[in-house]
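Values reported hereafter were calculated over all heavy atoms of this structure, with side chains retained and with hydrogens, waters and symmetry mates removed. Predicted model, so just to flag it, every value in this text is computed and none were measured. Order of the sequence lines fixes the chain letters, A, B, ..., with proteins taken first and strands second; residue numbering starts at 1 for each chain.
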There are 2 protein chains.
Amino acid sequence: MAADSPHPRPDRLRALPSRLLGLASMRADRLIGDGLAAVGARKWHYAVLATLQEYGPASQSELSRRSGIYRSDMVAVLNLLADEGHVERTPDPADRRRNVITITESGRRRLAHLDALLADLQKQLLAPLDEHERGELVRLLRKLTGREDEEM
Amino acid sequence: MAADSPHPRPDRLRALPSRLLGLASMRADRLIGDGLAAVGARKWHYAVLATLQEYGPASQSELSRRSGIYRSDMVAVLNLLADEGHVERTPDPADRRRNVITITESGRRRLAHLDALLADLQKQLLAPLDEHERGELVRLLRKLTGREDEEM
DNA sequence: GACTAACGTTCGTCGCACTAACGAAGCTAT
DNA sequence: ATAGCTTCGTTAGTGCGACGAACGTTAGTC
């Protein structure tokens, strides 16, 4: 191999916040993605189920706004969840443009399962940090993304 | 705006570290991506130029390892940088499989320019955080991604 | 001299964020 | 009432970043 030049200065790349964020996010994505894939789920499935359970039944576009998924992509997610029997999609009698999405009993069980799995994966993800640091990281990220308003 | 439904329970989604990381990273990506695009650059160009300047000339695969870009994708990046005259790609006489990539004077100027731009963008990115918090965030991210070894 | 491995390169895949457009349905105003 | 705007679900498609497969070329190894 070529002479590894002595790198006296730790490069700026390693300290670049945007880069660190990207790196951390990539790891997280992979960890969570793989973990969920192992049980045949994707993060959107979890997001939708959780949103449904917490906010109650909603139309697809409301789900989109609440969960952050584009309504274009919501279709496929709901198709899958409906096929698996985790949600029900019924036309809204009050507004015939809308579908009302409801979580089923099976969906609740699925969500509970995924919740446990997710909790474990988050632990793995944050393993290098101690308890206080984990809290700090979450706080900082919330502040950074403008989500620090609602208390946890 | 739509009636914000009373959400009595702060949902788990908002506090999920992996999700916050993804959100923050997306914002960062966009901010930096747009900022760099405004001057016709991409983050990989910066990464490669910075790596070259800090570690000196190297083969493409070494650049890949050092900067984190896949060697498949390195080709296009170097094509562009070479076309713009920011790097030189010459065959390595010592190993004819390799190319030696060298940063040019023009590349150095470009890098300096991008450095200034990047510094500004990072400031924008971290605007919601105070000085101490920025340091903490970087520290936590480095620890999280296993890059806390080399001091900054 | 045959095997193996690394290098640069091309091509293709996968997932994600996002846009455009469209028919169906609701809302509003004149 | 009807014309015009908006919203909803849906389809299709774009762009990009991360990643894998394979190939010809070249080095090193037995």
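Of the possible donor and acceptor atoms, one in the side chain of Arg27(A) sits under 3.5 Å from a partner among the backbone N and O of Thr145(B). Between the Thr104(B) side chain and the His86(B) main chain, a donor and an acceptor come within less than 3.5 Å of each other.
Residues Gln53(B) and Arg108(B) are in side-chain contact: their nearest non-hydrogen atoms beyond the backbone lie under 4.5 Å apart.
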- Message: Quick one, Leu49(A) with Val87(A), criterion side chain to side chain contact (heavy atoms under 4.5 Å, CB included). Give me CA distance, side-chain angles, the key distance, then yes/no.
- Response: CA-CA 8 Å; Leu49(A) 288 177; Val87(A) 304; 3.9 Å; yes
- Task: Apply side chain to side chain contact (heavy atoms under 4.5 Å, CB included) to Leu144(B) and Leu23(A), showing your working.
- Result: CA-CA 10 Å; Leu144(B) 191 63; Leu23(A) 208 78; over 6 Å; no
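Put simply, CG on Asp34(A) is 16 Å from P on dC14(C), counting in whole angstrom units. Rounded to an integer number of Å, the gap from Arg98(A) CZ to dG9(D) P is 7 Å. Straight-line distance from the CE atom of Met74(B) to the C1' atom of dA18(D): 14 Å, rounded to whole Å. Rounded to whole Å, the distance from CZ on Arg27(A) to P on dC19(D) is 11 Å. Between Leu78(B) atom CG and dT10(C) atom C1' there is a gap of 15 Å when expressed in whole angstrom units. If you take CG of Asn79(B) and P of dT9(C), they are 7 Å apart, rounded to a whole angstrom. Across the protein-nucleic acid pair, Gln60(B) atom CD and dT9(C) atom C1' stand 9 Å apart, rounded to whole Å. One can place CG of Leu23(A) at 12 Å from C1' of dA18(D), the figure rounded to the nearest angstrom.
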Throw together a table of side-chain donor-acceptor distances under 3.5 angstrom for residues 114-130 of chain A, partners on residues two or more places apart or in other chains.
residue, atom, partner, partner atom, Å
Asp115(A), OD1, Tyr46(A), OH, 2.6
Asp115(A), OD1, Arg12(B), NH1, 3.4
Asp115(A), OD2, Arg12(B), NH1, 2.2
Gln122(A), OE1, Ser18(B), N, 3.2
Gln122(A), NE2, Ser18(B), OG, 2.9
Asp130(A), OD1, His132(A), N, 3.0
Asp130(A), OD1, Glu133(A), N, 2.8

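Between Ser61(B) and the phosphate of dC7(C), there is a side-chain N or O to OP1/OP2 separation shorter than 4.0 Å. Applying the 4.0 Å criterion to OP1 and OP2 of dT9(C), one finds that Arg89(B) has a side-chain N or O inside that range.
For the atom pair OG (Ser61(A)) and CZ (Arg98(A)), the distance works out to 6.0 Å, reported to the nearest 0.5 Å. How far OG1 of Thr51(A) is from CD1 of Ile69(A): 7.0 Å, rounded to the nearest 0.5 Å.
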- Letter per nucleotide, 5' to 3', of nucleotides 15-22 of chain C [B base touched, S only sugar-phosphate touched, - untouched; heavy atoms, 4.0 Å]: S-SBBBB-
- Take nucleotides 24-30 of chain D nucleotide by nucleotide from the 5' end and write B, S or -, depending on whether a protein heavy atom sits under 4.0 Å from the base, only from the sugar-phosphate, or from neither. --BS---
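The cluster map of Ile, Leu, Val, Met, Phe, Trp and Tyr, joined by side-chain heavy atoms under 4.5 Å apart, puts Leu31(A) and Val138(A) in the same cluster.
For Asn99(A), taking side-chain heavy atoms from C-beta onward, the closest of the listed nucleotides dG9(D), dT10(C), dC7(C) is dG9(D).
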